[in-house]
Amino acid sequence: MTDIFDELQWRGLVAQSTDEAALREALAEGPLTLYCGFDPTAPSLHFGNLVQLVVLRHFQRAGHRVICLVGGSTGLIGDPRPTSERVLKTKEQTADWVARIQEQVRPFLDFEGDNAALLVNNLDWTAPISALDFLRDIGKHFRVNHMVRKEAVAARLESEQGISYTEFSYQILQALDFLELYRAHGCTLQTGGADQWGNLTAGVDLVHRVEGASVHCFTTPLLTDAAGTKFGKSEGNAVWLGADMTSPYAFYQYWINVEDASVVKLLKVFTDRTPEEIAAAEEQVAQEPFRRTAQRILAADVTTLVHGAEATAAVQAASEALFGRGDLTALDPATLGDATAELPGADLEVGTSLVDALVATGLVDSRNAARRTIGEGGASLNNVKLTDPEQALGEHDFLAGQVAVLKRGRRNLAAARKA
RNA sequence: GGCAGGUUGUCCGAGCGGCCAAUGGAAACGGACUGUAAAUCCGUCGCGAGAGCUACGAAGGUUCGAAUCCUUCACCUGCCA
């Protein structure tokens, strides 16, 4: 599959695009320059951003010039959400997050060599513009009539709390980026998530008005599971790319647990597997679902992409040891230590009640919940179901004298390390 | 500016002086089952071992007793200026 656009479509990475024929032609003519922006709304990128990073990666490999933008200015304003106004973050915090995200993005693209990706910050060209110049030079090109049609803005205009002028201006600020990158680097394509369509086209329009040039954009689809729920949440928490926010173990487990009905779709999106490999995986889901081969490939590939091969090997070994059929007490101390090192946990004294241990390790939210879980038969210690809420951690419960494995339900594990 | 209505647990949404930690639905979690999948059925779903404590926009008040009544404040909605 040589055509990049064909490949992206086959992978399910294209939702909506400006004139597809023109875009295909532009891509076929030779390397073009494209960009995708990431706003610093948190100290780490997350699942949704990973889709964009994967897209950029495909483009760079296909020989196109990739610009990765971190939104030092747009992050100060905030893209309006359809539901409610954002609370402004301080400039210091935003700058800190920009720095973190700039680092986080590095492994996904090649920033060295002939076709090095470019890392830019829109604050560099936005900060120097005066309010008056902004209104005269940029604002004049935007019709409010058109701006209010944008989905998130329209929703907010309908909502009880309305929308601040600050957030209303967001799309102009983002459009300005496209113009700037077009001028400075000949950038003619912007990509983004499905919810960014309005912002992307605002940029396309601005470049067209000011420079008379036709540029392009396309969005990736919102990824949902069979029930139509967004992917990227685990136990109600976002799946982050930062190891300090979502541990590599938790990250790997997230992918391992993907439902059968979605695993093929996610393999296409997030891995570099070929159509043949994916067809084989699909076949295995159908024929031998209990082996979870597709999920294992998905989890391994994506974890390697985000955390590296070494981390993947570690969490695979841990998962194997902890979820394997083998008796936990039979594990050798080294394997046990490595496996449990990946788990969330707590340092606990001999004699700590299991109720307290379940709370301390974060497996449940409260002592009540712990008792409930034990009462429901949903908790186990070293793979032995707990029945007595009053039971306490005994000396012999610490396997190899160091760690006890607590489990809630089928798949939530934690380590109680001997203090 | 005037008048009327609203603000309930993660979300939606009942309750309108005691039987209300608060009906119902969704989400979520656990069990039964396989496969660390889905579907289905059952259960759980503020904190606390318990007594009890904290919760129904905020602050006061009435009452033996308030999510429910009164006052003030904030925000929203509708009608009239």
Side-chain angles (χ1 to χ4, degrees), chain A residues 81-85 155-164 224-239 247-267 281-300 302-303 315-326 328 339 342-344 352-359 361-381 383-392 405-414:
Chain A
R81 286 182 295 214
T83 47
S84 61
E85 184 85 12
R156 288 280 295 283
L157 286 171
E158 291 296 313
S159 82
E160 295 180 349
Q161 62 166 251
I163 182 169
S164 69
T224 56
D225 65 19
T229 314
K230 254 204 288 191
F231 274 112
K233 292 272 189 217
S234 165
E235 297 261 320
N237 302 311
V239 174
S247 74
Y249 169 81
F251 188 83
Y252 179 84
Q253 286 292 321
Y254 174 79
W255 298 94
I256 275 286
N257 281 299
V258 163
E259 56 180 3
D260 291 3
S262 302
V263 67
V264 169
K265 175 164 79 176
L266 296 184
L267 275 170
E282 189 163 17
E283 183 63 19
Q284 278 169 316
V285 173
Q287 299 305 321
E288 312 183 295
F290 53 89
R291 291 193 193 282
R292 310 177 63 76
T293 311
Q295 277 91 341
R296 286 178 208 281
I297 295 171
L298 177 67
V302 182
T303 307
V315 298
Q316 274 178 320
S319 300
E320 205 52 49
L322 296 167
F323 287 101
R325 251 174 309 292
L328 277 178
E342 305 292 337
L343 298 176
T352 305
S353 77
L354 283 158
V355 167
D356 286 329
L358 286 167
V359 176
T361 52
L363 234 32
V364 297
D365 290 332
S366 70
R367 298 162 57 84
N368 266 346
R371 284 170 187 285
R372 224 179 275 136
T373 302
I374 293 172
E376 287 166 338
S380 67
L381 168 64
N383 276 346
V384 178
K385 189 176 279 195
L386 293 174
T387 49
D388 177 14
E390 303 307 324
Q391 190 179 334
V405 178
L406 291 167
K407 178 146 81 167
R408 190 199 82 221
R410 199 84 182 95
R411 57 196 176 199
N412 301 290
L413 292 165

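Naming: A, B, ... by sequence-line order, numbering from 1 per chain. Side-chain atoms are counted along with the backbone in the values below, which use heavy atoms only and exclude waters and symmetry mates.
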Quiz item: Quick one: what's the B/S/- string for nucleotides 25-35 of chain B, heavy-atom cutoff under 4.0 Å, read 5' to 3'?
Solution: ----SSSS--B

Taking atom [atom1] in both [N] and [M], compute the distance separating them and give it to the nearest angstrom.
{"N": "B:U7", "M": "B:A59", "atom1": "C1'", "answer": "16 Å"}
{"N": "B:G43", "M": "B:C76", "atom1": "C1'", "answer": "39 Å"}
{"N": "B:A37", "M": "B:A26", "atom1": "P", "answer": "22 Å"}
{"N": "B:A67", "M": "B:C56", "atom1": "C1'", "answer": "4 Å"}
{"N": "B:A22", "M": "B:U8", "atom1": "C1'", "answer": "9 Å"}

Self-check item: Which nucleotide in B:A38, B:U36, B:G50 has an atom nearest any side-chain atom of A:Glu259
Solution: B:A38

Practice problem: Please check if the side chain of A:Lys265 supplies one atom and the backbone of A:Asp225 the other of a donor-acceptor pair under 3.5 Å. | Solution: no

Self-check item: pair A:Asp260-A:Gln295: side-chain heavy atoms closer than 4.5 Å
Solution: yes

Quiz item: Quick one: does A:Phe251's side chain get under 4.5 Å of A:Ser234's, heavy atoms only?
Solution: no

Practice problem: Start with the C-alpha distance between A:Val239 and A:Phe231, add both sets of side-chain angles, then the distance that settles side chain to side chain contact (heavy atoms under 4.5 Å, CB included), and finish with yes or no. | Solution: CA-CA 9 Å; A:Val239 174; A:Phe231 274 112; over 6 Å; no

Practice problem: Establish, with yes or no, whether the OP1 or OP2 oxygen of B:U36 is under 4.0 angstrom from a side-chain nitrogen or oxygen of A:Asn257. | Solution: no

Self-check item: Secondary-structure string, 5' to 3', Watson-Crick or G-U under 3.5 Å, | for another-strand partners, for RNA chain B
Solution: ((((((((.[[[..)..(.....]]].(((((.......))))).((....))...[[[[[..)....]]]]]))))))).

Check: protein-nucleotides 51-53 of chain B nitrogen or oxygen pairs below 3.5 Å:
none

Exercise. Have a look at A:Gln253 and say if it touches a base, only the backbone sugar-phosphate, or nothing, with a 4.0 Å heavy-atom cut-off.
Key: base

Practice problem: Determine the contact category for A:Ser319: base if any of its heavy atoms lies under 4.0 Å from a base atom, sugar-phosphate if only primed atoms, P, OP1 or OP2 are that close, otherwise nothing. | Solution: base

Practice problem: By nearest nucleotide on RNA chain B, pick out whichever of A:Asn368 and A:Ala227 is the more 5' one. | Solution: A:Ala227

Quiz item: Which whole-number value in Å describes the distance from A:Arg372 CZ to B:A21 P?
Solution: 17 Å

